[in-house]
Every structure is written in C-alpha cells, then in structure tokens.
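Just below is one structure, and these are the notes that go with it.
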Protein chains: 2
Amino acid sequence: MTVSFNKRDPIYLQVMHYFKRLIVSGELLPGEEMPSRRQLANELKINPNTVQRAYSEMEEQRLIHTEPNRPSRITEDPVVLEQLKNEWLKQAMTTFISAIQPLDISLNELVPLLEEKMKTRKKDDK
Amino acid sequence: MTVSFNKRDPIYLQVMHYFKRLIVSGELLPGEEMPSRRQLANELKINPNTVQRAYSEMEEQRLIHTEPNRPSRITEDPVVLEQLKNEWLKQAMTTFISAIQPLDISLNELVPLLEEKMKTRKKDDK
DNA sequence: TCATCTGTATCATGTATATAATACAATTAT
DNA sequence: ATAATTGTATTATATACATGATACAGATGA
C-alpha cells in the first residue's frame, strides 16, 4: 500500500481519491475490510487524525460503512458503487475536454497522441 | 472578465490558470497589456494582494514582464509561449489517461463519448 | 483474564492562504 | 501642477489543514 502525495492538495482528499480509485478499478471489493486508521497512518507516514478525516468523509458519502469498534468495510450498495464509477468517468471527460478547449486541436488529431501516451504508460505500470 | 473560483484551490493559482488559458487560446496576445492589480482585484472581488501574488508567479515563469511603474505585459518570447502550449496539452493528456486507467474502458469506446460531450459543450459556450 | 486492537474524540501548535489596511515612488492624465 | 494610477511592500488577523499527544469504551486474541 503506497501513495505518492502531492504537496498541493489536502492529504485527506488524496487518501479518499486513492481508495475511490481502488474501488473503481475493482481492486477493493464490496464488503472488503479497510485498513485500520492507525495501521494506514503508519504505512503512509501520516497522522491518524488525517486518516480519520478521510474515512469520515467516505462514510458520509456511503462509500464505506463502520459498525462501532469494528473495522470499516467497503459498501455493498450497488447504487453507490455504480454512481461512483459514473461520476469518475464523467469527471475525467469533463476535465479533459475543458482543458483541451482553448487549444486549436480536434479529437481526430488527439486520438493518436492519446494512443501513444497510453502505450508508454502501460510499460511504466509494470 | 469573469472567473468562477472554486473553494478548494488557492485563488492566486486559479487566477494564474485563467490567464494561462487565455494565452494558450490566443485570446491574450504577446505584448498585450495585463489589467492592473487593483482593477482586476475589483472586477474579481478579490484582494489586490492575491492578484499581486498571481502576477509575481507569472513573472517568475516569464509569462508576463513588468517594467517599473508600468502595466505588466504578456511575454513576446516565442520559446516561453510554445512551451506553455506544449505543457498544457501534455498535462491534459496525462491527467486524462491517469484518470481513465482504473476504468475498464478502451480508447475506442471512449471516443464517441468524448465527441458527444464536446458537442454539448459547444452549445454551452455561447 | 489481560494485553492489544478497534473507532472516536479533544486540545494545542505550526504553516499556507486570503483578507484588510496602509504606505511609497514613479508614471500618466487632466 | 496636481490628482489619479501604476507596481511594490509591510503588518496584522482569520481560517483550513496537518501534526502530535492523549483519552476512552468496546471488541479481539493469547
């Protein structure tokens, strides 16, 4: 479990983003246990309070569920999970299109560039 | 001159992003005068110090140039301008690909979705 | 049983950001 | 000439975030 934090965004948001990504990709399955606050804080070298903040927000967004004194678990609600994926894709496309807009370039010109960049990325992933 | 600020990112960064976008799109031309710190602060309803911070950073990045007691002007250095555009496109593609990665979707499936979204956006632009 | 783990909560401190209130020298416009 | 505008600079205050140090009740494992 490794996360490379940037210095700009709040850490608790980056932690949330990290877990959302794991859920979206299917690497974290519905019902699966989350690492404990203290354990994750230790692994990521951050403060337990910061992890708690991230978990609290995910709890509010119904992405995880916690019973008293028990480890948190990924939600099994298919509606929540489906919506997460839809929002993820929608967000990615909106951001991309908005960024591209000011450049004088068409989608047709863009596709080969994207293909190229996706290939080189595959290698990096290992 | 209108900017819709989000509450998450520092305002001075959003101001910088706003002007970079104008330069990349060609709406702001090399050598053109920037609005004065006070005037822009008034229009955007933000503090002059925040504008000053944004301008200072853009000056450091050589995007604008300021002579003493004169309005700042967009750089005319073609190298700086070209690099800005290249970085802008590279950044957009990298962010997009990274966001798409966890989703199980190919570029072929994506292109029609992007086309659709770009159309609806054109309308919104006015 | 008892030590250890769980989630939850509070308080103090430091840093980055945004705002507000000024100030000053040099240029520009009237 | 002189009033207004330019960029630049400083100081103080408020807020969000991250950290550190604790604390407590309930569940778990040896």
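Each chain gets a letter, A, B and so on, in the order the sequences are listed, and its residues count up from 1. What you are looking at is a predicted structure, and each value in this text was computed from that prediction instead of being measured.
If you walk DNA chain C from 5' to 3' and mark each nucleotide with an atom closer than 4.0 Å to a heavy atom of chain B, the marks span C/dT17 to C/dT28.
With 3.5 Å as the limit, one finds no donor-acceptor pair spanning the side chains of A/Glu60 and A/Ser56. For the 3.5 Å distance criterion, the side chains of B/Glu109 and B/Ser106 qualify, holding a donor opposite an acceptor. One side chain, B/Thr95 or B/Gln91, offers a donor N or O that lies under 3.5 Å from an acceptor on the other. Between the side chains of A/Glu33 and A/Ser72, no donor-acceptor pair is found at a separation under 3.5 Å.
In this structure, B/Arg62 has no salt bridge (charged side-chain N to carboxylate O under 4.0 Å, His left out) partners at least two apart in sequence or on a different chain.
Minimum heavy-atom separation, B/Lys117 to A/Thr94: CE-OG1, 3.0 Å.
Taking the charged nitrogens against the carboxylate oxygens, A/Glu67 and A/Arg73 do have a contact shorter than 4.0 Å, which makes a salt bridge.
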What does the B/S/- profile of nucleotides 3-17 of chain D look like, 5' to 3', with a 4.0 Å heavy-atom cutoff to protein? ---BBBBB------S

